[in-house]
Amino acid sequence: MKPLKLLGLVMLVVLVGIQFIPSRTNQDKAVPPSDFMVVNGIPENIGHILRTSCYNCHSNNPNYPWYSRVQPVGWFLQSHVSKGKEELNFSEFGSYSIRKQKSKLSSMVSQIEKGEMPLSSYTFIHREARLSQENKKVLTDYLSALKDSL
Amino acid sequence: MKTTMILFFLALVSWGASAQHDHSRMGNSENSHSNMTPKMKEEPRVIPSITVKHSLIVTSILDNYLELKDALVDDNGKKAASSGKLLFDAIGKFDLSGQPAPKQKELKDILDDAKENAEHISESAGKIDHQREHFELLGGDIKDLIVITGADRTLYQLFCSMYNNNKGGKWLSASDKVKNPFFGDEKMKCGRVLVEIKVK
């Protein structure tokens, strides 16, 4: 067998093989009582924006695309989401101290205003997650008011 | 005798006015402004103060916070990151068990938040804007901390109204001279003393 052909075969075996490595998915159907939207009684328009632009990386209830089941893409996504949830997990928001909730709301507002979030590497593929100027304003106004009310 | 009485009366009135002045500066009541006559508004501003007990428990936290503040005044993100790391470590070493039990929960919330903010600053050497965001949050944590624990030096809480799209930002300094950590060179002079934190 030619070396190139052998290399191709090995890569194919590896690629197929890694699909069978069990991976923990982040998906959890149940919305916990500590969820940001539950705790704060978030109106539907705000909830829709949050679910579309934030919850896929910052909650336990993401909507994963089909290719998240294909490795190594899935692993990459997984590590990304772990980091996102470590910074801010909307599903656990209600369990944060009021001080932490206020800090997180401040950070959310400035990250959105500065266009740092949602990540451009994410919106590049997920066009629907991009925030229009109008939605940015609606969302940041809402989050600022919520912070002041806590 | 009559003159003494008048002087005494005037002294009482002006004392009352300055006390009211303090009150409004603390942000407790906007209405008290309207009680002041125009003449009294022109008097030099009395800086409100609070007094906290003397304590050495926060020395390393304050040292590193102030180092961090100076690094941001100097627009030095790298230095801010290393001070942030030292601050993170100092907060981690704070011994909660030595504090009164009813205050421990609140202190834990403050320390957790401060730690997270310090961590962000330590990991964002190349993003000074991001460091400043967390530095602003951190200032609130440290102030609330020393109100409970006490401090080892006089501090000033300063306020610059221009920070964060005119939402304003606060910070702590060991000096009442304004050197703004949010803008660095750009708007070094933005700010005024909100409150002096004295040590008993």
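Letters A, B, ... are given to chains in the order of the sequence lines, protein chains preceding strands, and every chain is numbered from 1. As the structure is a computational prediction, the values presented were derived from the model and not from experiment.
Using a 4.0 Å cut-off between charged side-chain N and carboxylate O, B/Lys115 and B/Asp141 make no salt bridge.
Counting non-hydrogen atoms of other residues, nucleotides and ligands closer than 6.0 Å to NE2 of B/His54 gives a total above 12. Surrounding CG of A/Asp148 are more than 12 heavy atoms belonging to other residues, nucleotides or ligands, all under 6.0 Å away. More than 12 heavy-atom neighbours from other residues, nucleotides or ligands sit within 6.0 angstrom of NZ on A/Lys136.
Only the side chain of B/Glu116 comes within contact range of chain A, with heavy atoms under 4.5 Å apart. Residue contact with chain A, scored on non-hydrogen atoms closer than 4.5 Å, involves the backbone and the side chain of B/Asp109 alike. For a residue to count as touching a neighbouring chain, one of its non-hydrogen atoms must lie under 4.5 Å from one of that chain's; by this rule A/Lys102 does not touch chain B. Contact annotation for A/Glu116: only side-chain heavy atoms (C-beta onward) come within less than 4.5 Å of a heavy atom of chain B.
Of residues 60-98 of chain B, not one residue has a non-hydrogen atom less than 4.5 Å from any non-hydrogen atom of chain A. Within residues 150-179 of chain B, the residues approaching chain A closer than 4.5 Å by heavy atoms are, in numerical order, B/Asn164, B/Asn165, B/Lys167. Near-neighbour residues of residues 11-18 of chain A relative to chain B, defined by a heavy atom under 4.5 Å from a heavy atom of that chain, are none.
The main-chain N or O of A/Val31 is never found under 3.5 Å from a side-chain atom of A/Asp35 such that the two would form a donor-acceptor pair. Remark: the backbone N or O of B/Leu107 is not paired with any side-chain donor or acceptor of B/Gln99 at under 3.5 angstrom. Looking at B/Ser124, its side chain never comes within 3.5 Å of a backbone N or O of B/His130 through a donor-acceptor pair. In this structure, A/Arg130 contributes its side chain and A/Thr123 its backbone to no donor-acceptor pair below 3.5 Å. Without hydrogens or angle criteria, A/Ser110 side chain to A/Ser107 main chain gives a donor-acceptor distance under 3.5 Å. B/Asn180 places a side-chain N or O within 3.5 Å of a backbone atom of B/Cys190 that can act as its donor or acceptor partner.
Note: A/Phe76 and A/His80 have tilted aromatic rings, judged against thresholds of 30 and 60 degrees for the angle between ring planes.
Put simply, the side chain of B/Leu111 does not reach to within 4.5 Å of the side chain of B/Lys108, judged on heavy atoms.
In the hydrophobic clustering (ILVMFWY side chains linked at under 4.5 Å, chained through shared members), A/Phe93 is joined by A/Phe36, A/Met37, A/Ile42, A/Ile46, A/Ile49, A/Leu50, A/Tyr55, A/Leu88, A/Phe90, A/Tyr96, A/Ile98, A/Leu105, A/Met108, A/Val109, A/Ile112, A/Leu131, A/Val138, A/Leu139, A/Tyr142, A/Leu143, A/Leu146, A/Leu150.
With respect to chain B, the highest number of heavy-atom pairs below 4.5 Å among A/Ser97, A/Ser106, A/Ser103, A/Ser144 belongs to A/Ser103.
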